A.B. asks: 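Take a look at this one; I'll ask things after.
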Amino acid sequence: MPELAKAYEPKQVEDRLYQKWQERGYFKANPGSSRKPYSIVMPPPNVTGKLTLGHVLNNTIQDILSRKARMEGKEVLWLPGTDHAGLATQTAVEKHLRQAEKKTRHDFTREEFVARVWKWKEEFGGIITSQLRKIGCSCDWSRERFTLDKDYERAVQEVFVRLYQEGFIYRGTRMVNWCPGSLTAISDEEVIPRAQKGFLYYVKYELVPEPGTEPEYLVVATTRPETIMADAALAVKPGGKWAAYIGRNVWRPLHRAPIPVIPDDAVEEGFGTGVLKVTPAHDKTDYEIGKRHHLEFTDILTPDARIHDPGEHDAIELNGLDRFAARKRSAEMLQERGLLLKEEPYENTVGFSERANEAIEPRLSKQWFMRYPNVPEALALLSEGYVKFHPEHWTKVYAHWLEHIQDWCISRQVWWGHRIPVWYAPEMVEVPSDIMMPVTVNPLATNDVVCQIDCPGEGWTQDPDTLDTWFSSWLWAYETMRTGDGTRQKFYPTSALVTGPDIIFLWVARMLIAGLHFQPNGEKDTVEKTLEANLAFRDVYFTGLIRDRQGRKLSKSLGNSPEPLDLVAKYGADGLRFGLVRIAPQGADICFDEKQIEEGRNFCNKLWNICRFRSMQGPIDPNAEPFKHPRSIFADEMLDRLHYLHAGERNVQDALHQFNFSEAASLIYDFVWNEFAARFVEAAKIDFAHGDSPTREGTLATFDYVMSHVLRLLHPFAPFVTEELWCELGFGTETIQTTLWPTQSPRSKAWSPRAQEIYQTADIGRTMRGEIKLPSNQKVPFSLVPSSLVSEEKPFTDEQKSVLAAFLNASEIKVLSAPPADPGPKAFTPLGELYLPATGLVDPAAEKDRVTKELAKTEKDLEQTRRKLGDANMLAKAPPAKVEEWRALEVTLIAKEKSLRESLGKLG
RNA sequence: GCGCGGUUAGCUCAGUGGUAGAGCACUACAUUGACACUGUAGGGGUCACAGGUUCAAACCCUGUAUCGCGCACCA
């Protein structure tokens, strides 16, 4: 057997193993297999994007699920792919063109520009998928999909046509969230509210005098004086304090004209002045009010949010100004006209588009909308348990969204994406969407339109818009499986989805709805079966967001986002994976610290060195059967611990079953480091040192048996190091990937608590050494006066003594029948009283300190216990077993206290 | 404003009724044979606060504070 390197070197291992796995086709899913299916579709990352830590966590969890399922004998499909990310990619290419060629998208024809984006995609499209390979993802790359693949594109358009025909998709002029930076509409779900510091401007609206009235005015508090020219009315609460003015007119202060005072329930008297200025074309609420009162819809903003209020009027100078400059200027103009009463600092929430970092402009615009089908069914999926969210509390968020669902604005004024399959008759003149003018609103216009994929004939023009990227990804769970070879029949519904809660509406909910409505697996004989056959997925695991140590989101602009591949180079892919998964808390965001990755690497190295040590003792037996050999109590103890790792109160099986990955990782970590390495391996050294030890073979077999379990349990988390050790050490020859996932291990019938007692005694003895400040390499003689139980019922053997001596770094352990004549520092252990020599080692003053401290703690414990035992109420109502525990504790503590007092007495 | 989640050691987190835990960081000691990516020991906590339930509360209930997230017709 080759000797292993002194430390685990991931670089020597990772690429070689990944290549081997690929060549041998381990990740390939076979739809013809008779094995039970297990499937996951990868949330497709932006095709030209780069790997982030979020991707690492997310895909590591998918890999854990996939690899474990393979080891459980399932036919696994983990389907990878990428997303065309319409606006994001287009923006990136436009930025590149601006910098490299000083051109905008409008310097090209649409076809030329889209060709440039494809070129960009060819150049950068492979980066993220190659990065996923670097971290060991076991997806079936032969099935990689892209949301703009020809077939996929056609499927998206088919869905559009179908929904149009079914009446779920319509075109309309409505208020949308307009991004003046990207010049496109976006959906409600893509608007991010942000607190903004601004001002509340108090503006005088003078009443148009009527015969017999005094000059009067109403005051409006507004954050947006730049929209005053678009005011169509003032609204007040019906029957409220301003109700007397209803029906009168006021002078609009800029672009002076009379506008009516109207009653509307949308007005809250407690807000501002209780008088609301109504700009139906620039505010969602005002739009509704405008419709109710048949007001005029005046749009005074260009698509890029500059003022454009044509005609002759008194505020003409605002034209051409950006909305924020216009805000300032209009306030000044009001001031100059004596119409601005005051302005006060004010914080309100404004919607932003994340991509362009621009304040969203509520804007009247002609767009395509989708009314969601199957909403009640989608709600039932979760409430009736067909689909489960982990952690569960996201269910409520999902339900709330569905209960308040609004139609989805699905058209985008973007060139890179799925073109809307709608055609306009030759005689129709469509206004190009990028013209820099406000829209002409004519809600009554009817269009001669045809909705179909192919051009209906000469002269017909296709709608210039593309579809929201999410309108393609909502089909991802099943459309990626359309391969004509039975893949969808075998693997859909998918088993699990792993994603972030930030796209619960954008993607997760919509995929469930798509499954319900399009029924990719067809109709079955009962409603329930139809439902179950068409679930997009059965379990959804939501990861937390990764933040930096200050709690900020990781982002490129903040520069707080570590490069995952740098971390791989430093700590290895397994170190990164294991470190991240072990620390990721359930249902909460992750506070990233590189130290955690370092721990992951250290753990892999620990595992490596345990195996290295084993390989020095001779060849490994891949079929080791420890229960067939005579065994030490330490081997039995180890086997017992393994049993509990599988079946204890907290165990790996349950943790993974409950999607508690950090718990599973922590359990294995603690087991390997604290049970296996720190206890069993140290005790095994005694066996290994003596070739003639009768338990040597049993210890070797236990070692191999337990290590075989550990490597397999760990493989989904740390695929490279476990595979390397598995094959190099001879546990197997081919691969660990297709070995059996271990779920249980029996206890030894011969198990006794003695090994635990020895470990506990060693801990106590080591503490004693530490307290009298013995250098850790100084060998000293210990004496033990065994308790009666130890001396009579279960003798303290020489082998046990050797192990205890090794743990204590003792030169010898003298077993005495009575305390030594000249007793030194003493401690109570499960084995009896443990003594250090009185002379030569101990400074009496330090020893007195030690005993005094120990006595104080004992007295405190004793007092606490006695308080309980003295409380009649407590004794009466607590369970008897608990009371017994307290009684036993009291006895021990009394003896300990007595003995410590004696020691203290002797020390003077 | 409503809803969800958090608040435990310097840091990151476990801990769903019975004497407060882990890793990191810190301090001391130790480099002969698995591992310094190590070993041994130590210091360090009014479990956010206030009430309540209970024999007993970090844990259950109510309220408050605070942080994060989501939702809302936030003029």
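Since we're looking at a predicted model, the values are computed, not measured. Below, chain A is the first sequence line, B the second, and so on; all start at residue 1.
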A.B. asks: If I pick the P atom on B:rA9 and the same atom on B:rA22, what distance separates them, to the nearest angstrom?
C.D. replies: 14 Å
A.B. asks: If the P atom of B:rA20 is compared with that of B:rC59, how far apart are they to the nearest Å?
C.D. replies: 13 Å
A.B. asks: Which nucleotide, B:rA25, B:rC35, B:rG23, lies nearest any side-chain atom of A:Lys595?
C.D. replies: B:rA25
A.B. asks: Under 4.0 Å: is that the gap between some side-chain N or O of A:Thr223 and OP1 or OP2 of B:rC74?
C.D. replies: no
A.B. asks: Please determine if a side-chain N or O atom of A:Lys685 lies less than 4.0 Å away from the OP1 or OP2 oxygen of B:rA34.
C.D. replies: yes
A.B. asks: Tabulated below should be each protein N or O lying under 3.5 Å from an N or O of nucleotides 54-57 of chain B; please produce it.
C.D. replies:
from, atom 1, to, atom 2, distance (Å)
B:rC55, OP1, A:Lys877, NZ, 2.5

A.B. asks: Could you tell me how far B:rA57 sits from B:rU66 if I compare only their P atoms? Round to whole Å.
C.D. replies: 28 Å
A.B. asks: Do any side-chain nitrogens or oxygens of A:Asn602 fall under 4.0 Å of OP1 or OP2 in B:rU38?
C.D. replies: yes
A.B. asks: I'd like the C1' distance from B:rG45 over to B:rC13, given in whole Å.
C.D. replies: 15 Å
A.B. asks: What protein N or O atoms touch nucleotides 4-9 of chain B N or O atoms at under 3.5 angstrom, if any, and at what distances?
C.D. replies:
from, atom 1, to, atom 2, distance (Å)
B:rC4, OP1, A:Lys396, NZ, 3.3

A.B. asks: If you check the A:Phe505 side chain, which of B:rA34, B:rC37, B:rG70 turns out closest?
C.D. replies: B:rG70
A.B. asks: When you measure from the side-chain N and O atoms of A:Trp673 to the phosphate of B:rG39, is any distance below 4.0 Å, counting only OP1 and OP2?
C.D. replies: yes
A.B. asks: Between A:Lys773 and B:rA28, is there a side-chain N or O to OP1/OP2 distance below 4.0 Å?
C.D. replies: no
A.B. asks: Pick one: which of A:Lys860, A:Arg866, A:Arg867 meets salt bridge (Lys or Arg N to Asp or Glu O under 4.0 Å) with A:Glu863?
C.D. replies: A:Arg867
A.B. asks: Check every strand shown and say whether A:Lys606 touches a base, only sugar-phosphate, or nothing at a heavy-atom separation below 4.0 Å.
C.D. replies: base
A.B. asks: What residues form a side chain to side chain contact (heavy atoms under 4.5 Å, CB included) with A:Glu854, not counting sequence neighbours?
C.D. replies: A:Thr858, A:Lys896, A:Leu900
A.B. asks: Is a donor from one side chain sitting under 3.5 angstrom from an acceptor on the other, for A:Tyr8 and A:Arg612?
C.D. replies: no
A.B. asks: Does B:rU53 pair with anything, Watson-Crick or G-U wobble, both distances under 3.5 Å, and if so, with which nucleotide?
C.D. replies: none
A.B. asks: Mind checking if A:Phe676 touches a base, just sugar-phosphate, or nothing, with heavy atoms under 4.0 Å?
C.D. replies: nothing
A.B. asks: Are any of the side-chain nitrogens in A:Glu9 or A:Lys11 under 4.0 Å away from the carboxylate oxygens of its partner?
C.D. replies: no
